Amino acid sequence: MTLHKGDSERDRRRRTHPVNPFYGEADPVAGMETSPPRHTLPAGPISPHTAYQFVHDELMLDGNARLNLATFVTTWMEPQADVLMSECQAKNMIDKDEYPRTAELERRCVAMLAHLWHAPDPSAAMGCSTTGSSEACMLAGMALKRRWARRNPDRYPGTARPNLVMGANVQVCWEKFCNFWEVQARQVPMEGDRFHLDADSVTALCDENTIGVVAVLGSTFDGSYEPVAEICTALDALQDRTGLDVPVHVDGASGGMIAPFLDPDLLWDFRLPRVASINTSGHKYGLVYPGVGWALWRDQDALPEELVFRVNYLGGDMPTFALNFSRPGAQVAAQYYTFLRLGREGFRAVQQATRDVAGSMAERIGALDDFRLLTQGDQLPVFAFTTADDVTSFDVFDVSRRLRERGWLVPAYTFPPNRQDLSVLRVVCRNGFSLDLADSFLADLEQLLPELRRQPAPLDRPENIATAFHH
């Protein structure tokens with residue numbers, strides 16, 4: 001959640017403005033002369049259509065979600081899903097006695113994911129819905145830490161400090177987990193053309209205090225899969241040499257809903273015995289509006305029982321494992337709708353179409369002399385590219401700025417250590433971003449290039465803009 005400050009002196013000086021006569025003088029109900037205050041509660045009520053119009057008009061200044069090529073989050077669903085979500089907005093997911101069918105839909109979704117990710121016994125897999133992958137990662141990290149603490153009662157919490165091994169490309173939620181739960185984050189930096197964790201680098205950072213390794217199935221920086229199977233094999237060899245048994249959590253926020261349908265032979269899930277838990281974002285390539293995520297553990301041993309609270313709530317015994325308590329059931333209902341609506345073959349068709357768009361865009365951008373591709377969009381439907389080595393008149397930040405003028409939101413950012421010298425643009429293709437829209441994007445990009453080429457040099461920008469991008 002973003003932190004916000006109170007209103008500024010400028011805001012206090014501009015509390016009121018004349019309003020459109022249709023909101024005031026011409027409206028016999030409202031009768032307003034000036035706009036309501038922005039940072040304090042109005043003295044009294046206004047008509048609902050006037051309140052709606054005030055909020056609606058201000059939100060028009062946001063970017064167009066469908067043209068947002070920065071976000072992984074779903075920006076289009078079918079109207080039937082919209083209706084279902086509106087019908088469930090008032091249902092509190094935590095009230096499982098009052099809304100037993102919503103709870104049943106959550107249970108079915110967990111079972112479907114357990115089958116999809118090849119849990120050895122899907123009926124024994126443990127799982128829950130969350131507000132998104134960030135909460136799911138927190139829960140998975142807590143389980144890893146508690147399992148490690150149970151194995152080391154003689155040293156923790158007295159002398160041992162737990163650590164978690166991951167690549168420098170992880171989503172910021174893992175850094176938050178380590179900070180909030182007092183775990184040392186051991187991050188493998190990027191080197192050369194290696195932009196994520198690999199088997200050779202992971203074992204060097206593991207020791208008796210390592211609670212686990214995070215492998216990312218779909219890096220947000222460039223869309224590439226980390227080699228989960230190779231990482232597990234390296235950890236198997238480490239256990240043979242040292243006795244250290246280090247579990248793996250797969251952060252499949254995006255790839256967990258891509259690989260099962262487009263890369264079915266890829267070993268990354270519970271088919272690997274070392275994989276203890278997996279998370280995904282239902283609101284990313286799970287094709288549901290935000291916010292819903294999923295966390296699954298391969299069996300009861302992977303999720304310590306003492307972390308599961310059994311609450312006598314509103315007349316029933318309810319096991320719960322979550323950081324958030326109350327939240328609407330709408331997204332869970334929408335997730336079940338999407339699973340039911342598409343099935344395996346439908347998901348495969350949707351995700352393949354998205355990957356096809358990403359591959360086509362990457363190929364066409366790669367054919368332009370101004371740019372160099374880092375990835376091709378052939379894993380996640382995501383690709384990253386930078387300016388060619390001989391381009392000196394503009395940089396990726398200029399391209400991002402100029403595309404925003406046409407309505408396209410394309411992030412430009414620098415990579416983390418040790419590749420801070422590399423700045424890139426990243427394009428995320430999602431369901432609803434068609435080849436027609438891709439053609440429009442490419443046409444706008446090509447129209448901008450002549451003017452960018454005529455610049456004497458890249459435009460100045462504040463240093464704080466050239467930072468790593470985290471979603």
Side-chain angles (χ1 to χ4, degrees), residues 66-72 75-76 169 190 192-196 217-227 254-255 257-259 261-266 284-285 347-391 393-404 406-413 415 419 422-453 469:
R66 292 286 296 279
L67 302 184
N68 183 356
L69 301 182
T71 184
F72 286 81
T75 55
W76 181 86
N169 58 301
M190 296 181 176
D193 292 331
R194 179 181 58 75
F195 301 131
H196 56 222
L217 195 72
S219 172
T220 59
F221 281 89
D222 62 2
S224 61
Y225 294 161
E226 290 187 338
S254 296
M257 293 303 294
I258 292 289
F261 306 108
L262 301 187
D263 310 296
D265 296 329
L266 180 69
K284 292 181 180 175
Y285 289 106
F347 260 98
R348 188 208 63 76
V350 170
Q351 311 298 39
Q352 185 63 59
T354 307
R355 183 182 277 182
D356 290 344
V357 172
S360 172
M361 290 182 70
E363 181 179 3
R364 293 166 65 182
I365 289 175
L368 298 172
D369 293 336
D370 303 83
F371 301 112
R372 174 173 63 88
L373 290 173
L374 275 68
T375 47
Q376 312 285 333
D378 55 350
Q379 294 183 331
L380 288 189
V382 175
F383 63 95
F385 60 102
T386 188
T387 50
D389 293 339
D390 58 350
V391 172
S393 57
F394 64 90
D395 61 15
V396 295
F397 300 95
D398 292 328
V399 177
S400 178
R401 174 180 55 81
R402 293 304 309 276
L403 285 170
R404 183 179 286 266
R406 305 290 183 98
W408 302 104
L409 306 179
V410 181
Y413 52 94
F415 270 22
R419 288 306 315 269
L422 180 59
S423 298
V424 305
L425 293 150
R426 187 199 66 199
V427 171
V428 177
C429 296
R430 303 177 307 280
N431 179 44
F433 187 74
S434 63
L435 281 172
D436 285 342
L437 284 173
D439 288 342
S440 297
F441 173 84
L442 267 297
D444 282 344
L445 177 61
E446 291 175 1
Q447 287 178 8
L448 292 172
L449 285 175
E451 185 176 343
L452 288 170
R453 293 165 185 153
F469 194 75

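Nothing fancy with the numbering, it's 1 onward along the sequence. What you see is a predicted model; the values in this text were computed from it and never measured.
- No hydrogens or angles considered: a donor-acceptor pair under 3.5 Å links the side chains of S224 and D222.
- H196 and S219 share no donor-acceptor pair across their side chains, judged by distance under 3.5 Å alone.
- Taking the side-chain contact (heavy atoms from CB on, under 4.5 Å) definition, one finds that E363 meets it with nothing, sequence neighbours left out.
- Proximity of the aromatic rings of F221 and F195 is defined here by a centroid distance below 6.0 angstrom, and this criterion is not met.
- Closest approach of T71 to V428, counting heavy atoms only: O-CG1, 3.4 Å.
- Heavy atoms only, all atoms of each residue included: R66 and F433 are closest at O-CD1, 4.2 Å.
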Could you list the donor-acceptor pairs under 3.5 angstrom formed between side-chain atoms of residues 377-391 and any protein atom two or more places apart in sequence or on another chain?
unit_1	atom_1	unit_2	atom_2	d
Q379	OE1	Y225	N	2.6
T386	OG1	S423	O	2.7

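- For the pair V399/V410, no side-chain contact is recorded, criterion being any heavy-atom separation below 4.5 Å from C-beta on.
- Side-chain atoms of R372 and L374, non-hydrogen and from C-beta on, do get closer than 4.5 Å to each other.
- Between the side chain of D444 and the backbone N or O of F441 there is no donor-acceptor pair closer than 3.5 Å.
- In the displayed structure, R453 atom CZ is contacted under 6.0 Å by more than 12 heavy atoms of other residues, nucleotides or ligands.
- Side-chain contact check for N68 versus T75: every heavy-atom pair is 4.5 Å or farther apart.
- Scanning both residues, M257 and Y285, for their nearest heavy atoms gives CB-O, 3.5 Å.
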